[in-house]
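In what follows, a structure is listed as C-alpha coordinates, so that the remarks can point back to it.
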Amino acid sequence: MTEQKTVINLKGIVKRFYVGMPNELEILHGVDLQVREGEFVSIVGASGSGKTTMMNIIGVLDRPTEGEYTLDGVDVAHAKDRELSRIRNQKIGFVFQTYNLIGRTSALKNVELPMLYAGTEKKERSARGKELLRMVGMEDRFDHHPDELSGGQKQRVAIARAMANDPSILLADEPTGALDSRTGRRIMDIFHRLNQEQKKTIVLITHSQELAEETQRIVTLRDGEIIGERSGKGC
(Lines give C-alpha, C1' and ligand atoms only; values in the text may rest on other atoms or scores of the structure.)
Protein backbone atom coordinates (compact mmCIF):
# COMPACT_ATOMS: atom_id res chain seq x y z
CA MET A 1 0.00 0.00 0.00
CA THR A 2 1.48 3.34 -1.06
CA GLU A 3 1.81 6.05 1.54
CA GLN A 4 -0.55 9.00 1.16
CA LYS A 5 1.08 12.21 0.04
CA THR A 6 1.57 15.15 2.39
CA VAL A 7 -0.81 17.98 1.48
CA ILE A 8 -0.08 20.38 4.37
CA ASN A 9 3.58 20.87 5.24
CA LEU A 10 4.58 23.54 7.78
CA LYS A 11 8.26 23.91 8.67
CA GLY A 12 9.60 26.31 11.27
CA ILE A 13 6.51 28.54 11.16
CA VAL A 14 6.87 31.71 13.21
CA LYS A 15 4.11 34.30 13.43
CA ARG A 16 4.70 37.73 14.93
CA PHE A 17 2.38 40.71 15.13
CA TYR A 18 3.45 44.40 15.39
CA VAL A 19 6.80 43.42 13.85
CA GLY A 20 9.55 45.91 14.66
CA MET A 21 7.45 47.74 17.24
CA PRO A 22 8.04 47.87 21.01
CA ASN A 23 4.95 45.70 21.58
CA GLU A 24 6.02 43.02 19.04
CA LEU A 25 4.26 39.78 19.90
CA GLU A 26 5.29 36.29 18.78
CA ILE A 27 2.35 33.85 18.75
CA LEU A 28 3.85 30.81 16.97
CA HIS A 29 7.43 29.79 17.76
CA GLY A 30 8.76 27.59 14.96
CA VAL A 31 5.89 25.15 14.39
CA ASP A 32 6.33 22.01 12.25
CA LEU A 33 3.24 20.11 11.07
CA GLN A 34 2.55 17.65 8.27
CA VAL A 35 -0.93 16.44 7.31
CA ARG A 36 -1.43 13.64 4.80
CA GLU A 37 -4.10 13.44 2.13
CA GLY A 38 -7.38 12.09 3.52
CA GLU A 39 -6.29 12.44 7.15
CA PHE A 40 -8.59 13.70 9.93
CA VAL A 41 -6.40 15.66 12.37
CA SER A 42 -7.31 17.70 15.42
CA ILE A 43 -5.29 20.57 16.86
CA VAL A 44 -6.08 21.02 20.53
CA GLY A 45 -5.06 23.62 23.05
CA ALA A 46 -6.35 26.08 25.59
CA SER A 47 -7.53 29.56 24.66
CA GLY A 48 -4.49 31.65 23.70
CA SER A 49 -2.37 28.66 22.67
CA GLY A 50 -2.14 29.87 19.05
CA LYS A 51 -4.72 27.52 17.49
CA THR A 52 -6.61 30.15 15.49
CA THR A 53 -3.40 31.85 14.34
CA MET A 54 -2.19 28.45 13.13
CA MET A 55 -5.46 27.79 11.33
CA ASN A 56 -5.31 31.18 9.62
CA ILE A 57 -1.87 30.28 8.27
CA ILE A 58 -2.92 26.76 7.22
CA GLY A 59 -5.99 28.26 5.52
CA VAL A 60 -3.91 30.90 3.72
CA LEU A 61 -5.83 33.69 5.46
CA ASP A 62 -2.54 35.00 6.85
CA ARG A 63 1.14 34.63 5.99
CA PRO A 64 3.84 33.36 8.36
CA THR A 65 6.51 35.82 9.49
CA GLU A 66 9.16 33.11 9.07
CA GLY A 67 9.23 29.51 7.91
CA GLU A 68 8.09 27.42 4.97
CA TYR A 69 4.57 26.36 4.07
CA THR A 70 3.75 24.07 1.16
CA LEU A 71 0.10 23.30 0.43
CA ASP A 72 -0.43 20.47 -2.04
CA GLY A 73 2.90 21.27 -3.68
CA VAL A 74 2.42 25.06 -3.80
CA ASP A 75 4.83 27.30 -1.85
CA VAL A 76 2.11 29.47 -0.31
CA ALA A 77 4.48 31.39 1.96
CA HIS A 78 5.80 33.16 -1.14
CA ALA A 79 2.83 32.91 -3.52
CA LYS A 80 1.18 36.00 -4.99
CA ASP A 81 -2.16 37.22 -3.61
CA ARG A 82 -4.07 36.10 -6.70
CA GLU A 83 -2.76 32.55 -6.33
CA LEU A 84 -3.67 32.56 -2.64
CA SER A 85 -7.22 33.68 -3.46
CA ARG A 86 -7.54 30.82 -5.94
CA ILE A 87 -6.29 28.32 -3.34
CA ARG A 88 -8.73 29.62 -0.70
CA ASN A 89 -11.64 29.45 -3.11
CA GLN A 90 -10.94 26.05 -4.69
CA LYS A 91 -8.76 23.93 -2.40
CA ILE A 92 -9.95 24.83 1.11
CA GLY A 93 -13.35 24.90 2.76
CA PHE A 94 -13.75 26.85 6.02
CA VAL A 95 -16.17 26.17 8.88
CA PHE A 96 -16.18 28.66 11.76
CA GLN A 97 -17.68 28.62 15.24
CA THR A 98 -19.67 31.78 14.42
CA TYR A 99 -20.97 30.34 11.08
CA ASN A 100 -20.17 33.56 9.12
CA LEU A 101 -23.39 33.31 7.11
CA ILE A 102 -24.76 36.35 5.31
CA GLY A 103 -27.95 37.67 6.89
CA ARG A 104 -31.10 38.40 4.86
CA THR A 105 -29.83 35.82 2.35
CA SER A 106 -31.34 32.35 2.00
CA ALA A 107 -29.51 29.19 3.02
CA LEU A 108 -29.27 28.22 -0.65
CA LYS A 109 -27.80 31.57 -1.70
CA ASN A 110 -25.26 31.35 1.15
CA VAL A 111 -24.11 27.96 -0.14
CA GLU A 112 -23.99 29.23 -3.73
CA LEU A 113 -21.74 32.19 -2.89
CA PRO A 114 -18.30 30.49 -3.24
CA MET A 115 -19.45 29.08 -6.59
CA LEU A 116 -20.47 32.57 -7.70
CA TYR A 117 -16.94 33.80 -6.94
CA ALA A 118 -15.54 30.83 -8.84
CA GLY A 119 -17.58 31.73 -11.94
CA THR A 120 -19.93 28.73 -11.85
CA GLU A 121 -23.08 29.17 -13.96
CA LYS A 122 -26.34 29.95 -12.16
CA LYS A 123 -28.12 26.68 -13.00
CA GLU A 124 -25.17 24.59 -11.85
CA ARG A 125 -24.79 26.69 -8.66
CA SER A 126 -28.41 26.13 -7.75
CA ALA A 127 -28.31 22.39 -8.43
CA ARG A 128 -25.13 21.83 -6.43
CA GLY A 129 -26.29 24.10 -3.60
CA LYS A 130 -29.48 22.04 -3.21
CA GLU A 131 -27.51 18.79 -3.39
CA LEU A 132 -25.17 19.95 -0.61
CA LEU A 133 -28.01 21.14 1.62
CA ARG A 134 -29.69 17.75 1.19
CA MET A 135 -26.39 16.10 2.15
CA VAL A 136 -26.40 17.90 5.53
CA GLY A 137 -30.12 17.30 6.12
CA MET A 138 -31.30 20.83 5.27
CA GLU A 139 -33.47 20.06 2.24
CA ASP A 140 -36.49 21.71 3.89
CA ARG A 141 -34.63 24.97 4.60
CA PHE A 142 -33.49 26.16 1.15
CA ASP A 143 -35.28 29.51 1.45
CA HIS A 144 -34.77 30.17 5.16
CA HIS A 145 -32.56 33.07 6.26
CA PRO A 146 -29.93 32.59 9.00
CA ASP A 147 -32.08 34.32 11.64
CA GLU A 148 -34.77 31.70 11.00
CA LEU A 149 -32.37 28.82 11.74
CA SER A 150 -31.09 27.24 14.94
CA GLY A 151 -27.36 27.15 15.72
CA GLY A 152 -27.04 23.58 14.50
CA GLN A 153 -28.92 24.37 11.30
CA LYS A 154 -26.67 27.37 10.65
CA GLN A 155 -23.60 25.20 11.09
CA ARG A 156 -24.94 22.61 8.67
CA VAL A 157 -25.49 25.37 6.11
CA ALA A 158 -21.92 26.55 6.80
CA ILE A 159 -20.57 23.04 6.14
CA ALA A 160 -22.56 22.83 2.90
CA ARG A 161 -21.10 26.21 1.88
CA ALA A 162 -17.58 25.01 2.75
CA MET A 163 -18.10 22.10 0.34
CA ALA A 164 -19.42 24.29 -2.49
CA ASN A 165 -16.34 24.14 -4.75
CA ASP A 166 -15.53 20.55 -3.74
CA PRO A 167 -12.32 21.44 -1.84
CA SER A 168 -9.88 18.69 -0.94
CA ILE A 169 -9.25 20.22 2.51
CA LEU A 170 -11.72 21.31 5.22
CA LEU A 171 -10.61 23.53 8.11
CA ALA A 172 -13.01 23.67 11.05
CA ASP A 173 -12.37 26.17 13.85
CA GLU A 174 -14.35 25.14 16.99
CA PRO A 175 -17.30 24.08 14.78
CA THR A 176 -19.31 22.74 17.74
CA GLY A 177 -18.22 25.39 20.25
CA ALA A 178 -21.53 27.27 20.23
CA LEU A 179 -23.73 24.16 20.10
CA ASP A 180 -25.26 21.82 22.67
CA SER A 181 -23.79 18.31 22.86
CA ARG A 182 -26.54 16.59 20.85
CA THR A 183 -26.32 19.12 18.01
CA GLY A 184 -22.52 19.02 18.16
CA ARG A 185 -22.71 15.24 17.76
CA ARG A 186 -24.64 15.64 14.52
CA ILE A 187 -22.07 18.11 13.18
CA MET A 188 -19.19 15.74 14.02
CA ASP A 189 -21.04 12.90 12.27
CA ILE A 190 -21.13 15.02 9.10
CA PHE A 191 -17.37 15.58 9.30
CA HIS A 192 -16.74 11.85 9.75
CA ARG A 193 -18.91 11.11 6.74
CA LEU A 194 -17.04 13.65 4.58
CA ASN A 195 -13.72 12.18 5.67
CA GLN A 196 -14.67 8.54 5.21
CA GLU A 197 -16.94 8.68 2.16
CA GLN A 198 -15.46 11.62 0.22
CA LYS A 199 -11.87 11.26 1.52
CA LYS A 200 -11.68 14.92 2.52
CA THR A 201 -8.61 16.00 4.48
CA ILE A 202 -9.94 17.62 7.67
CA VAL A 203 -8.15 19.75 10.25
CA LEU A 204 -10.30 20.34 13.34
CA ILE A 205 -9.34 23.12 15.76
CA THR A 206 -10.84 22.45 19.17
CA HIS A 207 -10.35 22.87 22.92
CA SER A 208 -12.33 19.67 23.51
CA GLN A 209 -10.24 16.55 24.19
CA GLU A 210 -13.42 14.49 23.78
CA LEU A 211 -13.92 15.64 20.18
CA ALA A 212 -10.22 15.38 19.44
CA GLU A 213 -10.27 11.71 20.45
CA GLU A 214 -12.57 10.99 17.51
CA THR A 215 -9.93 12.03 14.98
CA GLN A 216 -7.05 9.97 13.63
CA ARG A 217 -4.29 12.15 15.07
CA ILE A 218 -4.25 14.67 17.91
CA VAL A 219 -1.75 17.55 17.85
CA THR A 220 -1.44 19.49 21.11
CA LEU A 221 -0.48 23.16 21.00
CA ARG A 222 0.61 25.12 24.05
CA ASP A 223 1.91 28.69 24.11
CA GLY A 224 2.58 28.67 20.37
CA GLU A 225 4.47 25.38 20.28
CA ILE A 226 3.50 21.82 19.44
CA ILE A 227 4.18 19.86 22.63
CA GLY A 228 2.92 16.47 21.51
CA GLU A 229 1.20 14.29 18.93
CA ARG A 230 -0.64 11.02 19.39
CA SER A 231 -3.15 8.80 17.67
CA GLY A 232 -6.83 9.26 18.32
CA LYS A 233 -9.59 6.67 18.26
CA GLY A 234 -10.48 7.59 14.70
CA CYS A 235 -7.41 5.93 13.23
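Both backbone and side-chain heavy atoms feed into the values below; hydrogens, waters and symmetry mates do not.
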[Y] side chain reached by [X] side chain, heavy atoms, under 4.5 Å:
{"X": "Val157", "Y": "Tyr99", "answer": "no"}
{"X": "Met54", "Y": "Ile226", "answer": "yes"}
{"X": "Val41", "Y": "Gln216", "answer": "no"}
{"X": "Pro175", "Y": "Leu204", "answer": "yes"}
{"X": "Phe40", "Y": "Gln196", "answer": "no"}
{"X": "Leu33", "Y": "Ile43", "answer": "yes"}
{"X": "Glu26", "Y": "Val14", "answer": "yes"}
{"X": "Ile8", "Y": "Tyr69", "answer": "yes"}

Has [X] got a side-chain atom pairing as donor or acceptor with [Y]'s backbone, closer than 3.5 angstrom?
{"X": "Ser42", "Y": "Val44", "answer": "no"}
{"X": "Arg161", "Y": "Pro114", "answer": "no"}
{"X": "Thr176", "Y": "Leu179", "answer": "no"}
{"X": "Asn110", "Y": "Ala158", "answer": "no"}
{"X": "Glu124", "Y": "Glu121", "answer": "no"}
{"X": "Glu24", "Y": "Gly20", "answer": "yes"}
{"X": "Arg36", "Y": "Gln4", "answer": "no"}
{"X": "Lys11", "Y": "Gly67", "answer": "no"}
{"X": "Thr120", "Y": "Met115", "answer": "yes"}
{"X": "Glu37", "Y": "Val7", "answer": "no"}

If a pair satisfies salt bridge (charged side-chain N to carboxylate O under 4.0 Å, His left out) and one of its residues is in [range], list it, with sequence neighbours excluded.
{"range": "residues 192-203", "answer": "Asp166-Lys200"}
{"range": "residues 168-190", "answer": "Arg185-Asp189, Arg185-Glu214"}
{"range": "residues 66-93", "answer": "Lys5-Asp72, Arg16-Glu66, Arg63-Asp81, Asp72-Lys91, Glu83-Arg86"}
{"range": "residues 109-120", "answer": "Lys109-Glu112, Glu112-Arg125"}

Gap separating the [atom1] atom of [X] from the [atom2] atom of [Y], nearest 0.5 angstrom:
{"X": "His207", "Y": "Leu221", "atom1": "NE2", "atom2": "CG", "value": "15.0 Å"}
{"X": "Leu194", "Y": "Ile202", "atom1": "CG", "atom2": "CD1", "value": "5.5 Å"}
{"X": "Ile27", "Y": "Asp223", "atom1": "CD1", "atom2": "CG", "value": "10.0 Å"}
{"X": "Ile57", "Y": "Asp62", "atom1": "CD1", "atom2": "CG", "value": "6.0 Å"}
{"X": "Leu171", "Y": "Ile58", "atom1": "CG", "atom2": "CD1", "value": "6.5 Å"}
{"X": "Ile87", "Y": "Leu71", "atom1": "CD1", "atom2": "CG", "value": "5.5 Å"}

If you compare all heavy atoms of [X] against all heavy atoms of [Y], which two are closest, and at what distance to 0.1 Å?
{"X": "Gln97", "Y": "Gly177", "answer": "NE2-C, 3.8 Å"}
{"X": "Ala162", "Y": "Val95", "answer": "CB-CG2, 3.8 Å"}
{"X": "Asp32", "Y": "Gly12", "answer": "OD1-N, 2.5 Å"}
{"X": "Ser47", "Y": "Lys51", "answer": "N-NZ, 4.2 Å"}
{"X": "Pro167", "Y": "Leu170", "answer": "CG-CD2, 4.3 Å"}

Exercise. Output the rest of the hydrophobic cluster of Val19: all Ile, Leu, Val, Met, Phe, Trp and Tyr residues reachable through side-chain heavy-atom contacts under 4.5 Å, sorted by chain and number.
Key: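 ILVMFWY cluster around Val19 holds nothing else.
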Quiz item: Pick one: which of Thr70, Thr6, Asn9 meets side chain to side chain donor-acceptor pair (under 3.5 Å) with Gln34?
Solution: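 When Thr70, Thr6, Asn9 are each tested with Gln34, the side chain to side chain donor-acceptor pair (under 3.5 Å) holds only for Asn9.
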Quiz prompt | Within 6.0 Å of CZ in Phe17, more than 12 heavy atoms from elsewhere | solution =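 Result for CZ/Phe17: enclosed.
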Self-check item: Pairs flagged by side chain to side chain donor-acceptor pair (under 3.5 Å) wherever residues 131-141 is involved - sequence neighbours left out
Solution: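 Applying side chain to side chain donor-acceptor pair (under 3.5 Å) to every pair that reaches into residues 131-141, excluding sequence neighbours, yields nothing.
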